[in-house]
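These values consider heavy atoms only, across backbone and side chains, with no hydrogens, waters or symmetry-generated copies. Within every chain, numbering begins at 1; the chains are lettered A, B, ... in the order of the sequence lines, protein sequences first and strands thereafter.
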Amino acid sequence: MTDSQTGTPQTGTPQIKQGFAEMFKGGVIMDVVTADQARIAEAAGATAVMALERVPADIRKDGGVARMSDPSMIKEIIGAVTIPVMAKARIGHIVEAQILQALGVDFIDESEVLTPADDQFHILKHGFKVPFVCGAKNLGEALRRIGEGASMIRTKGEAGTGNVIEAVRHARTILGEIRAIQTRPPEELMTVARDLQAPYDLIQYVHAHGKLPVVNFAAGGIATPADAALMMHLGLDGVFVGSGIFKSDNPERRAHAIVKAVTHFDNPDMLAEISENLGAPMTGINIDDLIPAERLASRGW
Amino acid sequence: MTQPTLGVLALQGAFREHRHRLQTLGAPVKEVRLPADLRGLSGLIIPGGESTTMARLMTDYVLWQPVRDFYARGGALWGTCAGAILLARDVQGAPPQFGVQDSLNLMDIRVRRNAFGRQVDSFTTPLAVAGLQQPFPAVFIRAPVIERVGEGVEILAEHDGQVVLARQGRLLASSFHPELTLDPRLHELFLGLVNETVLESVR
């Protein structure tokens, strides 16, 4: 990040966009589909809400094309809470992103949970004032998205399943690849960039700093406080929870417990207390039972 | 003389950036998540993040009174952005369903949340700060402003006629994010304030 020592006020700079994402760290971002749910999320201690028409579990169940939400619903949620409001645009859907920016959403998620609009290209995010978060399964994918201007990365996981295995796989992949790059001598980095299909300057950043240049959250299949704490334990900066909260028996208690679990992820006594008597979690889906077409994480590249 | 130990409230938000900056300046640092973590500290930074989230967690972990007691014992406090909101006597712009937003009620200032607008309105600007030779590169993210200052509150910086940096004795409040820049001068200022306090209590 660079310092702005001179000149007049500037908006929409990488420093502003990435700095905003830093404020979510150690926090939970919750999917909501109504203003009431947004208020519950805010009261439970969410650092932001993601406004969408259907949570991933319902998108999975209903099928069909999943698109950006109705602007009136997004406006209602913006009016209901004072924490930041995020909303999802389809991969490559430049116009949905422009509409979300015009609505004043605080962050756009270019998300594989919606049906992709473009099977070749993601949105060039540098041109937008509003910051973007994008999903990634591995380091190359994460760095390509950052190269396009993403200010935040989330692991993809397998949304709407309540099954954390894919989130763990993607987190371990990205963090493992970062550690592997750190051990390489500088003269090998161009070849690493070629192999990962990632921008060379970002490979150099990862080599020097041992982390992504932006905040990295976990997502996809997180259903319990222990799941959330596991993702923090692996080394991520925070978590997104979707269907896991409002598809469970007692959303208020569960939302609150997951927020606490992220703060105290390294305190097992506290986690034991937090995890008690939450009611039934969402019913999960065994990922091996999904046919390839039902896998959301394979969207995006 | 041993260096005083600083704490950074690590419930959520930009606590790592503050910790790293203090460590770069050679100060011993501890992350504070529970009341017991306050033991042995001379100063505490309350970072930026989401003030509603942090307030909720302060209640959950019974931190309000222990932090007030820490101040009463002579500790110094610095709130940045959301942290400034938590220091204030009077908070405006909280969600109506929350009623009055909880705060530490320590610094005689009135703070308005999200005073500059939403994220698309967030900005960086060089800021003239009392006592600093060169402007400070201030990062304002969905930032609050200090609408009113009480007696004994010293205004250290204003932007567009609105107060964005103020000090009251051992309390410092900034509505912007010094931890997101490479400029250490405000952290040095806070360390100075903590050292003054230690010297006073020794006297």
Side-chain angles (χ1 to χ4, degrees), chain A residues 1-13 15-28 38-40 42-48 78 80-86 101-107 128-131 151 215 237-238 256 259-260 262-264 266-267 270 274, chain B residues 9-17 31 33-34 47-61 80-82 93-98 101 113-114 116-127 134-142 159-160 176-183:
Chain A
M1 271 185 257
T2 55
D3 283 354
S4 57
Q5 287 281 4
T6 55
T8 47
Q10 287 184 300
T11 58
T13 61
Q15 186 186 20
I16 281 288
K17 294 197 272 192
Q18 293 168 12
F20 181 37
E22 302 285 350
M23 297 307 139
F24 299 131
K25 277 205 311 271
V28 181
R39 287 189 200 100
I40 291 172
E42 182 172 59
T47 49
I78 288 176
V81 294
T82 64
I83 54 175
V85 176
M86 301 182 163
Q101 176 166 275
L103 287 170
V105 304
D106 296 297
F107 235 99
F128 286 80
K129 254 184 162 178
V130 63
S151 306
V215 167
D237 295 319
H256 191 192
V259 168
K260 284 184 173 178
V262 168
T263 308
H264 295 285
D266 59 354
N267 186 338
M270 192 82 135
I274 290 166
Chain B
L9 189 70
L11 301 180
Q12 184 271 313
F15 55 88
R16 266 187 256 159
E17 285 72 13
E31 291 187 353
R33 293 188 172 83
L34 294 168
E50 284 306 315
S51 64
T52 48
T53 309
M54 280 198 262
R56 172 83 214 214
L57 295 173
M58 297 270 293
T59 304
D60 286 346
Y61 309 129
T80 57
C81 194
Q97 62 269 28
F98 279 48
Q101 177 162 344
R113 300 180 62 208
N114 300 344
F116 295 101
R118 303 194 70 80
Q119 171 57 16
V120 288
D121 307 306
S122 293
F123 61 98
T124 55
T125 189
L127 185 72
Q134 298 294 321
F136 191 87
V139 181
F140 290 85
I141 295 177
R142 286 168 45 93
H159 174 72
D160 269 353
F176 54 93
H177 291 278
E179 78 283 7
L180 294 183
T181 69
L182 302 173
D183 193 321

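A donor-acceptor contact shorter than 3.5 Å links the side chain of B:Gln12 to the backbone of A:Met23. With hydrogens and angles disregarded, no donor-acceptor distance shorter than 3.5 Å links the side chain of B:Arg33 to the backbone of A:His264. Not a single donor-acceptor pair under 3.5 Å links the side chain of B:Arg56 to the backbone N or O of A:Gly45.
Looking at B:Leu57, the atoms closer than 4.5 Å to chain A (heavy atoms on both sides) all sit in the side chain, from C-beta outward. Looking at B:Phe140, the atoms closer than 4.5 Å to chain A (heavy atoms on both sides) all sit in the backbone: N, CA, C or O. If you measure heavy-atom distances from A:Ala44 to chain B, the contacts under 4.5 Å come from the backbone alone. Using a 4.5 Å cut-off between heavy atoms, B:Ala82 makes no contact with chain A at all. With a threshold of 4.5 angstrom between heavy atoms, B:Leu127 does not approach chain A through any atom at all.
Using a 4.5 Å cut-off on side-chain heavy atoms (C-beta onward), A:Glu22 and B:Ile141 make no contact. No side-chain heavy atom of B:Val120 sits less than 4.5 Å from a side-chain heavy atom of A:Thr11.
For the atom pair CG (B:Asp60) and CD1 (A:Ile274), the distance works out to 9.0 Å, reported to the nearest 0.5 Å. Going from atom CG of B:Leu180 over to atom CD of A:Gln18 covers 10.0 Å, rounded to the nearest 0.5 Å. Note that the CD atom of A:Glu42 and the OG1 atom of B:Thr52 stand 5.0 Å from one another [nearest 0.5 Å].
For B:Gln119, the side-chain hydrogen bond (donor to acceptor under 3.5 Å, both in side chains) partners are B:Ser122, not counting sequence neighbours. Every residue meeting the side-chain hydrogen bond (donor to acceptor under 3.5 Å, both in side chains) condition with B:Arg113, not counting sequence neighbours, appears here in chain and number order: A:Thr82, B:Ser51.
Your options are A:Val259, A:Val130, A:Ile83, A:Val215, and the one with the most heavy-atom pairs under 4.5 Å with chain B is A:Ile83. With chain B as partner, the option from A:Val28, A:Ile78, A:Val85, A:Asn267 having the largest number of non-hydrogen pairs under 4.5 angstrom is A:Ile78. Ranked by non-hydrogen atom pairs under 4.5 Å with chain B, the options A:Gln101, A:His256, A:Lys129 are led by A:His256.
Pairing each heavy atom of A:Pro9 with each of B:His159, the nearest pair is CG-CE1, 4.0 Å. Of all heavy-atom pairs between A:Gly104 and B:Arg118, the closest is O-NE, 2.8 Å.
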